[in-house]
There are 2 protein chains.
Amino acid sequence: MAEIQSLARGLKILNLLEHARNGMGTTEVANQLSIDKSSASRLLHTLANYGFVEQDEDTSRYSLGPQLVTLGQHLLNRITLRDHARPYLHELVDKTGECAHLAIQAQKQTLYIDQVESTAALRVESEIGTLSPLHCTALGKVMLAFGDCRLPDEFKTFTHRTVTDRSTLEAQLAQTELRGYAIDDEEYNYGVRCVAAPVYDHRGALVGAIGISGPAGRVTLERIDEFGTVVKDTAQALSARLGFDAKLRSSSSQGE
Amino acid sequence: MAEIQSLARGLKILNLLEHARNGMGTTEVANQLSIDKSSASRLLHTLANYGFVEQDEDTSRYSLGPQLVTLGQHLLNRITLRDHARPYLHELVDKTGECAHLAIQAQKQTLYIDQVESTAALRVESEIGTLSPLHCTALGKVMLAFGDCRLPDEFKTFTHRTVTDRSTLEAQLAQTELRGYAIDDEEYNYGVRCVAAPVYDHRGALVGAIGISGPAGRVTLERIDEFGTVVKDTAQALSARLGFDAKLRSSSSQGE
DNA sequence: AACAAACATTGCATTATATGCAACATGAGT
DNA sequence: ACTCATGTTGCATATAATGCAATGTTTGTT
């Protein structure tokens, strides 16, 4: 099905503005999209009418508008998993001393929907709202190993440790399933190691993943199983809280 | 300047989906917008391509998509005022026992960008991302009294206490300016009373407002000045933290 | 102060896109 | 098996969107 070009252009403008710290002028937008500046002006005016962008009165530059906060926050607030998971994220921080995150699958990627920060000076933060790849993040590998989504078609490289070979990744995911938790061993960010485990609902469907991230110097390979067990146990407690009965689940979801 | 119709329709779809708890089907969207269902289908498909909506694989229904969370959260996270204000919101909760909020002006309304909840069982929450009117909320009246925006053209009624007469509102705003804090006396929500005060930056520009909200039974008229003084003092401390020098500001922003 | 350059907006004729209609495929209910 | 509703797709047509040129405004240079 073909796209609606005008709508697509408007949405592209929003994505451009995400990366424009000081907003963008009409001509900049036109140049980036390779369209006439009069077209850009009309697209921006329409986005502004509905509050999706705002135009600075002094400089005429456009920035992302409040309607995105309203819709985005509204969507976030209706994910009940966030409320249920929050205490467990705090528990993860308490037990591991590292930052804890909650993610769901969206857009064939991993969407971070909550985090609890640790008190450590050196810490790993993942901004809520961030979309990350599936194949090289701990939370993403949980979706692949325990959920029903397919492997992506391509595996982008982020560090020299990123696995981009399909059969190697599949073997890793098989190991993940056996262990009951996933590992990101500096595959997405240098110096950062993460562990994550699946969260199921009362019907046994994967609804998200929780995990911790820390500097590789603290989340060492020697301690990875210790961290992994804590994360797995906490995820299981959260799943139980959501009405998941582990006995009814096939043994493939158990890490024993 | 005329709007771009296709883009406007796409954005209207997003606004419709905000209120659709279980998503909407293609035909529902078409009916709501009075357009053909083939047009609705193409608009929704385009929105889905860019992640602004998601289509449920089983039911074909559309819902708001993760890109809105990404963009909205990105925008929210870049408002440095939130980080600076957070400790002061906690201070307000500690001192008053009520929920504290931070808002900025956006779209000729008041946009809530942060809140700290009190521990009281009965409390007033304002969802982050919410847009509220200027003329009948405490935070909104702060924008009108201490900022440079004009009065709205119309004053919608929310409770029987909502002020809708322009000269009465102007007199109220003059009082607000003298007092140094604004009051919402059940004008926006029945049973809820709020107090708010202005936050200035180092250049003396109004950048936001902080305030508290509570049940009218606790935030009584007898105690309103006590609450007002606490909020005003906290807002002044935050302004000072942002580099605002109260001595350089005209006396109109001082509440004495 | 005058001038040039860049930017943003607007009018308008033309072009390309978006549209609605009809047909088709699919699923649900009887 | 049949009917109805929904969603998608092909296609001809109508309309909106487009780009060009002109205009107005602001900024920077001389």
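When reading the values below, keep in mind they use all heavy atoms of this one structure, side chains included, and skip hydrogens, waters and symmetry mates. In what follows, chains carry the letters A, B, and so on, assigned in the order in which the sequence lines appear, proteins first and then strands, with residues in each chain numbered from 1. Only a predicted model underlies this, so the values are computations on that prediction, with no experimental measurement involved.
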(request) Specify the residues of residues 23-32 of chain A, ordered by number, for which at least one heavy atom lies under 4.0 angstrom from an atom of DNA chain C. (result)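 Residues of residues 23-32 of chain A that come under 4.0 Å of DNA chain C are, in numerical order, A:Gly25, A:Thr26, A:Thr27.
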(message) Below 4.0 angstrom, which residues in residues 50-68 of chain A have at least one non-hydrogen atom near DNA chain C?
(response)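 Per residue number, the list reads A:Gln55, A:Tyr62.
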Among residues at least two apart in sequence or on other chains, which ones pass ring-ring contact (aromatic ring centres under 6.0 Å, His included) with [X]?
X	value
B:Tyr112	B:His101
B:Tyr188	B:Phe158
A:Phe155	A:His135
B:His84	none

(request) Go along nucleotides 16-30 of chain C 5' to 3' and tag each nucleotide: B for a protein heavy atom under 4.0 Å from its base, S when only backbone or sugar atoms are that close, - otherwise. (result) -SSBBB---------
If I take atom [atom1] from residue [X] and atom [atom2] from residue [Y], how far apart are they, to the nearest 0.5 angstrom?
X	Y	atom1	atom2	value
B:Ile113	B:Asn77	CD1	CG	11.0 Å
A:Leu81	A:Leu102	CG	CG	5.0 Å
A:Leu17	A:Phe52	CG	CZ	13.0 Å

(request) Could you pull out all residues at least two apart from B:Asn189 that satisfy side chain to side chain contact (heavy atoms under 4.5 Å, CB included)? (result)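 Checked B:Asn189 against side chain to side chain contact (heavy atoms under 4.5 Å, CB included); matches are B:Val192.
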(message) Under the rule for side chain to side chain contact (heavy atoms under 4.5 Å, CB included), what residues qualify as partners of A:Ala8, not counting sequence neighbours?
(response)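 Partners of A:Ala8 by the side chain to side chain contact (heavy atoms under 4.5 Å, CB included) criterion, ordered by chain and then number, come out as A:Glu3, B:Thr46, B:Tyr50.
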(request) Starting at atom NE2 of A:His45, determine the distance to atom P of D:dA17, rounded to an integer number of angstrom. (result)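 It is 13 Å, rounded to the nearest whole Å.
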(message) Before you tell me yes or no, could you show the steps for B:Arg86 and B:Asp114 under salt bridge (Lys or Arg N to Asp or Glu O under 4.0 Å), namely the whole-Å CA-CA distance, both residues' side-chain angles and the distance that decides it to 0.1 Å?
(response) CA-CA 8 Å; B:Arg86 199 124 258 252; B:Asp114 205 0; 2.8 Å; yes
(message) Holding to salt bridge (Lys or Arg N to Asp or Glu O under 4.0 Å), I want the full list of residues that pass it with A:Glu28, two or more places apart in sequence or in another chain.
(response)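 Salt bridge (Lys or Arg N to Asp or Glu O under 4.0 Å) list for A:Glu28, sorted by chain: A:Arg61.
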(message) Taking the axis from the first five pairs and the axis from the last five, what angle separates them in the helix from C:dA1-D:dT30 to C:dT30-D:dA1, rounded to 10 degrees?
(response)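 The angle, to the nearest 10 degrees, is 50°.
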(request) Among residues two or more places apart or on two chains, list those pairs meeting salt bridge (Lys or Arg N to Asp or Glu O under 4.0 Å) that have a residue in residues 16-26 of chain A. (result)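 Passing the test, one end in residues 16-26 of chain A: no pairs.
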